[in-house]
S.K.: 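Have a look at the structure that comes next, please.
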Amino acid sequence: MRFEFVPVDYDYFDFEGRNYVKLIGRNGKGKKICVVDSYEPNFWVVLKNGFEDKASEVADKISKLETEKAGRKTTVLKTEILGKKFLGKKVKAIRVFVTNHKDAHDIASEIGDMEEIKSRREYDIPLITKYIKEKGVNPLSWHFVEGEVLDVGDYGGLAGALNIDVCVGATKIEPMKNKEGFEPKILAYDIETDSTEIGKGDILMISLYGEGLKKVLTWKKCKEKPEYVEFWGDEGSMIERFVELVNEYDPDVLTGYFSDGFDLPYLKAASHTNGVKLGLGVDGKGPVFARGRIPSGKISGIVHVDLYRFIDAVFSQYLQSETLSLNEVAGELVGERKEDFDFKRLANMKDNDWKDFFSYNLQDSVVTYKLARKIWPDVVEFSKIVREPLFDVTRDRMSAHVENYLIHNLDNYNEIVEKRPMYGESEERKARGKYEGAYVFEPTPGLYENLVMFDFTSMYASVIVTYNLSKTTLEENGNFSKDVGFFPTMLLDIIEKRKKHKKEFAKNPSGMLRARSNAYKLLANAAYGYQGFFGARYYCREAAAATARFAKENILNAIGIIKDADYKIIYGDTDSIAFLQGDKSKDEILKFLKKINDDLPGIMELDLEDFYVRGLFVSKRGSETGAKKKYALLDEKNKIKIRGFETVRRDWCKLTRNLQSEVLKKILEDGNEENALKLLKEVVRKLNNREVGLHDLMIRTQLRRPLGEYVAEGPHVLAAKKMVAQGVPVNPGMLIEYYIGEGSSKRIGDRVYLPEEKSKYDIKYYMNNQILPAVENIFDVFGVDVKSVADGKRQTSLGDFL
DNA sequence: TCCCTACCGTGATG
DNA sequence: GTACATCACGGTAGGGA
């Protein structure tokens with residue numbers, strides 16, 4: 001038979017000592033299909049220079065090797081001798097095919113350090129990655145599959161064990177040229193429990209939301225139940241019903257928010273205690289958790305996607321959200337906030353409380369579902385571009401994405417893939433210390449009018465391409481060769497693709513094109529960090545350091561040119577330069593920009609970022625020197641851009657942040673400090689009269705390590721300890737919220753109060769440590785001393801004397 | 001007890 | 001364990017007077 005097929009989930013299994021790949025996806029009619037494909041595991045042996053003529057001799061020796069492990073015998077099936085490239089150099093290499101991928105490492109070890117052999121490679125690449133790379137069966141792309149329907153007994157009963165209509169043994173899989181697009185069946189879920197510690201409490205309810213499915217399952221009764229609620233006798237039968245509903249819905253993707261770290265492990269623990277099966281997978285089995293910082297919950301035949309992880313690793317840089325809570329992220333991305341539920345009500349639930357809780361639980365799944373739909377184009381594009389399955393692509397960090405992109409594209413350069421660093425190697429790399437980074441211009445504090453901002457487009461990526469900076473182009477003398485390497489070449493390709501898709505998007509906007517252009521942009525931006533990352537296969541500290549160095553050289557040059565043209569430089573950071581427009585017209589500025597570009601090396605490109613009406617730069621606290629990375633700009637559309645100020649820092653209280661942002665706004669709009677001063681006075685008055693609500697005084701700081709590991713105990717650590725004492729579990733990553741109350745202790749941390757603790761806020765603290773420091777340097781630009789304003793003393797302003 | 005400073009820790013910029 | 005360096009700043013902790 002021959003049919004259209006899109007692979008969604010990849011897995012592999014052993015049969016009679018050999019590896020097979022199990023693809024699960026949909027056919028053209030939307031039916032879930034399992035396709036079994038063969039795979040010949042292999043790795044490479046690279047011969048030393050001068051030993052090329054020994055190739056067949058070495059290959060013969062290798063052919064006779066075999067290993068036995070866990071009752072599995074792996075032998076060398078065949079060898080091929082080929083001219084390849086390794087680290088950019090021509091080499092003679094032997095491709096060694098073995099019976100089982102898991103043993104490739106052992107066979108490679110047995111080959112050992114023969115004098116003819118330089119390196120053994122690609123045995124450390126995951127089987128699925130190798131399979132996709134070698135057979136070109138790309139995720140979420142349409143293929144024609146030819147093959148035979150499997151009998152129940154084939155491959156040790158594989159087909160019979162799977163809850164899938166059709167299992168096919170493939171004889172041929174080829175990409176379809178003209179078919180694009182695939183709408184997955186997504187199902188979102190969420191659980192509510194009475195303890196946040198996994199396995200400690202009960203699951204009170206489970207919600208599911210998808211197309212045509214809207215349910216809350218619970219064993220907690222209430223008289224008047226909403227139509228979407230189903231009551232079950234106990235936790236165990238509720239879980240069994242959940243499994244049943246998932247199986248009936250037959251999703252491609254089961255998604256939750258922080259479900260790797262909470263919902264799925266909780267369900268697993270609860271099903272265990274209740275003695276019921278959590279048979280979510282098409283194999284009837286429960287989720288399997290892979291170890292890691294956060295375990296990854298894998299379900300056979302259904303891609304379990306924890307949206308939080310993808311957002312955290314890839315998407316968060318686009319977000320304004322200060323935390324990655326479902327509430328905040330959904331609020332920003334789908335304009336829908338979760339319903340509120342006060343968990344303190346849990347202690348004493350009445351009928352109506354349960355109704356609210358059900359609704360809250362359902363809303364979590366609804367919001368998760370909408371969020372999944374919203375970022376789906378981005379997930380898909382990443383998966384297609386880096387050619388890794390959904391499961392991995394939604395969990396990998398940026399360095400892994402860059403690396404996977406490299407691995408899957410190295411065949412274009414006939415390159416054998418470099419190995420991962422060994423443990424000791426990573427340590428050595430880390431120990432090599434820091435190198436000099438970006439250049440930052442020290443601004444002179446002041447309020448400026450009519451500013452121009454230039455910036456280099458994708459500066460670090462452009463530098464890597466222009467100067468050919470990479471591991472394989474680094475010469476022994478420390479310079480980088482003129483012969484262009486695969487890393488810069490690939491990066492150039494990424495940059496060009498990004499440009500192309502950005503243009504296409506501008507012409508014909510679609511979620512897919514936006515996502516595609518974004519994905520390329522992210523990959524380009526991450527390429528620099530990748531080369532400096534200790535865990536990278538193509539780590540090259542020299543290349544990373546040179547990237548920063550050449551970038552610095554370029555921005556300094558550009559600053560020089562702009563200065564020489566008699567413009568006054570106001571600020572610059574890494575790849576951007578702000579200067580005064582002076583008496584020049586916008587046209588003249590643009591012509592000037594073009595002229596600068598004509599002389600830039602390689603693909604370096606300086607761009608107009610924007611024109612600004614006003615810009616404010618302040619001094620560092622307690623000093624005359626200008627503060628870097630702190631400024632506020634007003635553009636011609638009256639939009640304000642604030643960088644670095646307390647306003648944008650989440651560890652300052654709302655009162656401070658709101659006041660400061662309003663002060664900046666007023667000053668930028670008015671061009672003077674007069675009205676801004678009134679705002680300050682009003683806040684000072686309210687604070688002194690205790691008219692400020694505690695909610696505006698909460699300080700939020702993230703706990704970033706276990707409590708025991710702190711050398712210095714800051715207020716947030718002491719607040720966290722207080723929480724523990726009150727029986728609230730805390731863990732790294734949590735945002736600790738507290739306010740400062742009155743008290744005799746000098747140490748501020750001794751006066752922290754948790755939100756629900758009633759106390760009098762410390763007026764002095766909020767005045768001297770929050771409000772005044774945040775506006776002091778701003779008013780200082782106008783010669784106004786905020787301390788005396790706060791004291792209600794005379795207002796001194798330079799203006800008074802002029 | 002006050003004052004100074006080094007260091008710790010967080011969160012920002014690009 | 002999970003891209004890089006640069007920067008601002010509050011707060012603690014400890015020494016010296």
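Sequence lines set the chain letters: A, B, ... in the order given, protein chains first and strands last, and positions in each chain run from 1.
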S.K.: Tabulate protein N/O versus nucleotide N/O from nucleotides 13-16 of chain C, keeping only pairs under 3.5 Å, one per line.
M.R.:
residue, atom, partner, partner atom, Å
C/dA13, OP2, A/R747, NH1, 3.0

S.K.: Taking the side chain of A/T701 as heavy atoms from C-beta outward, which of C/dC7, B/dT10, C/dC4 is closest to it?
M.R.: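 Of C/dC7, B/dT10, C/dC4, B/dT10 is nearest to the side chain of A/T701.
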
S.K.: Between C/dC7, B/dG9, B/dA12, which nucleotide has the shortest distance from any of its atoms to the side chain of A/V440?
M.R.: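 Selected nucleotide: C/dC7.
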
S.K.: Looking at the side chain of A/P715, which of C/dC4, C/dT12, C/dG10 is the nearest nucleotide?
M.R.: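 Among the listed nucleotides, the one closest to the side chain of A/P715 is C/dT12.
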
S.K.: At under 4.0 Å between heavy atoms, what does A/Y539 touch on the DNA or RNA strands: base, sugar-phosphate, or nothing?
M.R.: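 Touches nothing.
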
S.K.: Taking A/T457 as the fixed residue, which of A/E605, A/K499, A/E609, A/R498 is the one that meets the side chain to side chain donor-acceptor pair (under 3.5 Å) rule?
M.R.: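 Answer to the side chain to side chain donor-acceptor pair (under 3.5 Å) test with A/T457 among A/E605, A/K499, A/E609, A/R498: A/E605.
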
S.K.: Among B/dG14, C/dC7, C/dA5, which is the nearest nucleotide to the side chain of A/K434?
M.R.: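 Shortest atom-to-atom distance from the side chain points to C/dA5.
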
S.K.: Out of C/dT12, B/dG9, C/dC9, which has the shortest distance to the side chain of A/I748?
M.R.: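 For the A/I748 side chain, the nearest candidate turns out to be C/dT12.
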
S.K.: Checking A/R541 against A/Y435: charged group under 6.0 Å from the ring centre and within 45 degrees of the axis?
M.R.: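 Here A/R541 fails the 6.0 Å and 45° test against A/Y435.
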
S.K.: So what does A/Q531 hit on the nucleic acid, given a heavy-atom distance under 4.0 Å: a base, only sugar-phosphate, or nothing?
M.R.: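 Since no nucleic acid heavy atom lies under 4.0 Å of A/Q531, the category is nothing.
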
S.K.: The side chain of A/R704 is closest to which nucleotide in this list: C/dA5, C/dT2, B/dG11?
M.R.: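 Looking only at heavy atoms from C-beta outward on A/R704, the closest nucleotide is B/dG11.
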
S.K.: Can you see if the side chain of A/K630 gets near the phosphate of C/dA8 - specifically, an N or O under 4.0 Å from OP1 or OP2?
M.R.: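 Answer no for this pair, as no side-chain N or O of A/K630 is under 4.0 Å from OP1 or OP2.
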
S.K.: Is any N or O donor-acceptor pair between the side chain of A/R650 and the base of B/dT10 shorter than 3.5 Å?
M.R.: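 No pair found.
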
